[in-house]
Amino acid sequence: MRTAILTDPLDFDGWRTAARAFRLAGVEPAQARFVVGSGQAALFENGGPSFEKDGAFTAPRAFLETAKDLIQHRSEDRFDLMYRLLWRLRDQPDLMAVLSDPDVAEAADRMKAVRRAAHKMKAFVRFRQTEDSQGEHWVAWFEPAHRVLRTTAPFFARRFSTMRWTILTPDGTATWDGGLMRFGPAADRSQAPAEDEMEAFWRTYYASTFNPARLKLKAMRSEMPKRYWKNLPEAALIPELTAAAAVRTDAMVSQPAPQPNARFQRARAPLVDRAATDDLVPETLADLARGVQGCRRCPLWRDATQGVCGAGGQAAELMVVGEQPGDREDLAGQPFVGPAGQLLDQAMVEAGLDRDALYLTNAVKHFKHEPRGKRRLHKTPNAGEVQACRWWLDHERRLVKPRLILALGATAGLAVLGRKVAVQTERGAVMTQADGTRVLLTVHPSYLLRLPDAEARTRERALFVRDLRAAIHAV
Ligand code: SF4
């Protein structure tokens, strides 16, 4: 028996070096053993096997790709299966294409399980907000079915590229600082932060999308396997919602068919339904926020996580209107918390504007984006979407009654003034509308972020701060 000692359960390079040496030395699969050591420096127990120098070989790409997935499987004998396949490829170069072969079929099953575990990790990681010396830090605890942390972490880096986050798992940790990924040792659940308000969001979101009439327990357990429930905030609702499903379904069946203008109707809603909100007159900002979550006035609700309403007091004298929530706002449910929001915060401090004294909102309440690979890229809302969402902005204006509205960028200008604006020529001056509302236009902070050279950024930032100061004086 020949034994190779690997440094960790995912030591693919160690396995490949050892397997190559074994195969060249003619060590049969029954005589080859791969174990995970605990810090030993040597790859081979009792020295490496000797082999002929000219006995080089190349493993087919299909095998290497399979092996890279297989090594993430939790089964103890995965290294043996990998070596058996490698050994057999010597006499059967097309072995990987023989799907009826028991070893190939077994490898395919395990590969499928690994890929499924990666998919579940992408779907079920739930970050909690924490603070450290560098500011906001999002932390998640997750127990993957297989060792997929390293291969799945890049997905989260692309998805949450501007956030600082850490995923803790029993296999190791992945930390992203906004530019660099680091992997660390195994963690345990006690290192995960306690419940935060995001938990409440997930529960509300899950409850609002749960349709008792469409409940299929078997399919649900397959899609959301029970092993993940303990770390999913929304899973706490499953027993209650499924227990009540029969009663709720009976109630739904016995109800008359929903009328097209039923308020806030979510289930089976058409893509666009303006009538559903036409007769709604929110009396408070909280009413308005609830209405936005059920809004179907334009199709943007469909691909967003949630509607993002304004933040700030109903008595604010200055209302700041941006364009739409970005990727980060869409997840957090708060306006101006992404990079443009941070720049706005800094500029407001410089201008002497107190964020707590403002009402901050957007012209469009749902995040419009297009997928690019695994990222969601911002897409500017069109005039029809701005017009549809103006219905909510007008209610915000009615409720807040600001003395001045600061419109950030062309989309906000269109929503607030009801016409196309030329931001650079109209900026900085107070315009009074027919209803007496005064509006001041300036650029959106994301414009500053997009400027390619530092000199232009400094110049434009100074002009932006100047416009913010003009807004303070005009209130
Ligand atoms: Fe409604 Fe505005 Fe969302 Fe469109 S973007 S669905 S109008 S809240």
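As a basis for the values below, the full set of heavy atoms in this structure was taken, side chains included, without hydrogen atoms, waters or symmetry mates. Ligands are counted one by one from 1 in listed order, and the atoms in each one are counted from 1 as well.
Cys295 lies apart from atom 4 (Fe) of ligand 1 in this respect, since none of its N, O or S atoms is found at a distance under 2.8 Å.
For the residue pair Arg398 and His395, a side-chain donor N or O sits within less than 3.5 Å of a side-chain acceptor on the partner. Using modelled atom types and a 3.5 Å distance limit, the side chains of His378 and Gln324 yield a donor-acceptor pair.
Listed by number with element, the atoms of ligand 1 under 4.0 Å from a non-hydrogen atom of Cys389 are 2 (Fe), 5 (S), 7 (S), 8 (S). Near Val364, with a cut-off below 4.0 Å to any heavy atom, the atoms of ligand 1 are 5 (S). Atoms of ligand 1 lying under 4.0 Å from at least one heavy atom of Trp392, given by number and element, are 1 (Fe), 8 (S).
Of the protein's heavy atoms, Cys298 SG, 2.3 Å lies nearest to atom 4 (Fe) of ligand 1.
When you scan the N, O or S atoms of His366 for the one nearest atom 3 (Fe) of ligand 1, you land on ND1.
Looking at Asp303 and Arg376, no side-chain N of the basic residue comes within less than 4.0 Å of a carboxylate O on the acidic one, giving no salt bridge.
Ring geometry for Phe156 against Phe127 counts as perpendicular: the plane angle is over 60°, on a 0 to 90° scale with 30° as the lower cut.
Both tests hold for Arg150 against Phe183: distance to the six-membered ring centre under 6.0 Å, angle to the ring axis within 45°.
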